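What you see is a predicted model; the values in this text were computed from it and never measured.
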Amino acid sequence: MELRHLEYFVAVADERNFTRAAGRLHIVQSAVSAAIKALERELGATLLDRNSKRVLLTDAGAALLPRARAVLEAARSAREVVDEVNGGLRGSLRIGIIGSITLYDLPKLLGHYHRRYPRVRLLTRAAPSGTQGLLEAVADGSLDLAFVSQPEERPAGVVLRSLAFSVLDLVIPHEYVLDGSNGASIADLAGLDFIDAPVGYGTRTVIDRAFDHAGIQRRVSIEITDLATGVDYVRHGLGVALLPRYILDAVIDLPVVPVVDADLTLALSVATSAVRPTTTAVEALLELVEDTERAT
């Protein structure tokens with residue numbers, strides 16, 4: 001059994017597709033297929049069900065996957081330790097990022113990290129399913145850490161460190177009649193059409209919790225993954241939106257109203273594993289995060 005066999009197996013398990021796994025690994029698909037077959041022969045078990053439209057794990061494959069991740073993580077950690085002794089931090093750092101993160105200057109942080117540790121390869125992954133998907137990736141080891149907003153549910157084995165906060169305010173079209181001189185009540189928002197992120201995204205989680213706590217049903221008519229475009233949908237009269245204040249600070253042509261009787265605070269955090277050993281590359285980034293917090 002070779003490490004590359006396990007690496008290819010994990011890639012196919014993550015992507016549920018041989019072609020996408022080959023693209024992620026930057027090799028031809030036939031090499032991935034040959035490595036998986038060799039691994040299956042050595043283990044004497046079928047690891048992947050190739051008869052369905054999507055490649056699925058068999059019971060044996062599902063049992064192997066967490067052990068394969070652990071072996072690859074141990075090998076990577078061993079390489080990093082030796083590299084550090086031999087002249088500086090090397091390796092890779094796999095980072096998950098939510099779509100809208102302007103609340104925190106992540107490019108500046110990663111730029112500082114890159115200048116300090118130029119031999120560490122930074123690999124970022126956008127959130128395909130919002131914060132929840134990123135947390136699950138940190139939990140299963142496919143990401144080293146992730147910058148996330150409010151989680152719908154925190155998986156076991158994940159630690160969250162708060163970085164920044166923003167309140168969500170209501171932005172409405174001009175034609176909507178709403179007395180916002182002293183702020184709006186959450187009850188005032190019943191029956192309105194909302195523009196919001198899909199389930200699993202941080203803002204959606206915060207808003208859904210607030211409405212559930214107030215016992216008020218809400219209608220989401222338009223779902224968006226880029227929060228900044230929410231203002232444009234409101235501007236064209238398609239509904240109202242609760243958006244982070246840092247986005248609405250620049251809005252001067254629409255009414256922006258605070259909601260005074262609900263907890264609509266969005267937290268930005270960095271998520272790491274609580275069960276796997278922290279790599280030197282991760283520790284170095286977390287130290288930079290702490291340095292940034294002390295500087296501010």
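- Between Arg209 and Asp212 there is no salt bridge, since no side-chain N of the basic residue sits under 4.0 Å from a carboxylate O of the acidic one.
- Leu57 pairs with exactly one of Asp49, Leu64, Leu48 by the side-chain contact (heavy atoms from CB on, under 4.5 Å) rule, that one being Leu48.
- Atom CZ of Arg218 is separated from atom CZ of Arg204 by 5.5 Å, given to the nearest 0.5 angstrom.
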- In sequence, state the C-alpha distance, the side-chain angles, and the governing distance for Asp193 and Leu238, and then conclude on side-chain contact (heavy atoms from CB on, under 4.5 Å). CA-CA 8 Å; Asp193 288 317; Leu238 295 169; over 6 Å; no
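- Under a 4.0 Å N-O distance rule, the pair Arg20/Asp14 does not qualify as a salt bridge.
- A distance of 10.5 Å separates CZ of Arg116 from CG of Leu285, quoted to the nearest 0.5 Å.
- Side-chain contact check for Ile172 versus Leu192: every heavy-atom pair is 4.5 Å or farther apart.
- Residues Glu73 and Thr279 have side chains in contact (heavy-atom distance under 4.5 Å, counting atoms from C-beta outward).
- A single hydrophobic cluster is seen to contain both Leu106 and Leu160, as judged by linkage of ILVMFWY side chains at heavy-atom distances under 4.5 Å, directly or through other members.
- The nearest pair of heavy atoms linking Leu227 to Leu243 is O-CD2, 3.9 Å.
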- Item | side-chain contact (heavy atoms from CB on, under 4.5 Å) evaluation trace for Leu110 with Ile95 | CA-CA 10 Å; Leu110 296 185; Ile95 305 168; 3.8 Å; yes
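- Under the 3.5 Å distance criterion, the side-chain polar atoms of Arg125 are left unmatched by any main-chain donor or acceptor of Ala146.
- For the atom pair CG (Leu286) and OG1 (Thr278), the distance works out to 7.0 Å, reported to the nearest 0.5 Å.
- Under a 3.5 Å cut-off, the side chain of Arg69 and the backbone N or O of Asp140 do form a donor-acceptor pair.
- Across all non-hydrogen atoms, the minimal contact from Val28 to Ala22 is C-CB, 4.0 Å.
- Looking at Leu242 and Thr203, their side chains never come closer than 4.5 Å, going by heavy atoms from C-beta outward.
- Shortest non-hydrogen contact noted between Ala210 and Ile186 is O-CD1, 3.6 Å.
- For the ring-ring contact (aromatic ring centres under 6.0 Å, His included) test, no residue two or more places apart in sequence or in another chain qualifies with Phe18.
- The shortest distance between side-chain heavy atoms of Leu93 and Tyr117 does not fall below 4.5 Å.
- Not a single donor-acceptor pair under 3.5 Å links the side chain of Ser92 to the backbone N or O of Arg121.
- Side-chain contact between Val32 and Thr19: absent, with no pair of heavy atoms (C-beta onward) separated by less than 4.5 Å.
- Looking at Glu40, its side chain does come within 3.5 Å of a backbone N or O of Leu47 through a donor-acceptor pair.
- Side chain of Ser166 to main chain of Arg245: a donor-acceptor pair is present (N/O by atom type, distance under 3.5 Å, no hydrogens or angles).
- We find the OG-CG distance between Ser273 and Asp144 to be 9.5 Å, quoted to the nearest 0.5 Å.
- Using a 4.5 Å heavy-atom cutoff, the side chains of Asp208 and Val206 are not in contact.
- Put simply, the side chain of Ile247 does not reach to within 4.5 Å of the side chain of Val171, judged on heavy atoms.
- With Arg94 contributing its side chain and Gly141 its backbone, the two residues share a donor-acceptor pair below 3.5 Å.
- Hydrophobic clustering (side-chain heavy atoms under 4.5 Å, transitive across Ile, Leu, Val, Met, Phe, Trp, Tyr) groups Leu43 together with Ile36.
- Take Phe211 and apply the ring-ring contact (aromatic ring centres under 6.0 Å, His included) test, not counting sequence neighbours, and it matches Phe194.
- Shortest non-hydrogen contact noted between Val12 and Val55 is CG1-CG1, 4.0 Å.
- Both Ile97 and Val158 are part of a single hydrophobic cluster, where members link through side-chain heavy atoms under 4.5 Å apart.
- By the 6.0 Å contact criterion, OH on Tyr233 is open, its count of non-hydrogen atoms from other residues, nucleotides or ligands being 12 or less.
- Using modelled atom types, one side-chain atom of Tyr113 and one backbone atom of Ala281 make a donor-acceptor pair closer than 3.5 Å.
- Counting all heavy atoms, side chain and backbone alike, Leu254 lies closest to Pro173 at CD2-CA, 4.3 Å.
- Val167 is not connected to Tyr246 by any chain of hydrophobic side-chain contacts under 4.5 Å among Ile, Leu, Val, Met, Phe, Trp and Tyr, and they are in different clusters.
- Residue Asp249 places its CG atom among more than 12 non-hydrogen atoms of other residues, nucleotides or ligands, all under 6.0 Å distant.
- Contact check for Leu189 versus Ile216: no side-chain heavy atoms found under the 4.5 Å cut-off.
- Between Phe147 and Leu134, the closest heavy-atom pair is O-CD1, 4.0 Å.
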Run the side-chain donor-acceptor check on residues 262-269: report pairs under 3.5 Å with partners two or more places apart or on a different chain.
residue, atom, partner, partner atom, Å
Asp263, OD1, Thr265, N, 3.3
Asp263, OD1, Thr265, OG1, 3.2

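- Atoms CZ and CG, on Arg4 and Leu39 in that order, are 10.5 Å from each other to the nearest 0.5 Å.
- To the nearest 0.5 angstrom, Glu136 atom CD is 11.0 Å from Thr131 atom OG1.
- Connection of Leu248 to Ile222 is established within a shared hydrophobic cluster, with ILVMFWY side chains joined at heavy-atom distances below 4.5 Å, either directly or through further cluster members.
- The existence of a salt bridge linking Glu290 and Arg161 is excluded, since no basic side-chain nitrogen approaches an acidic carboxylate oxygen closer than 4.0 Å.
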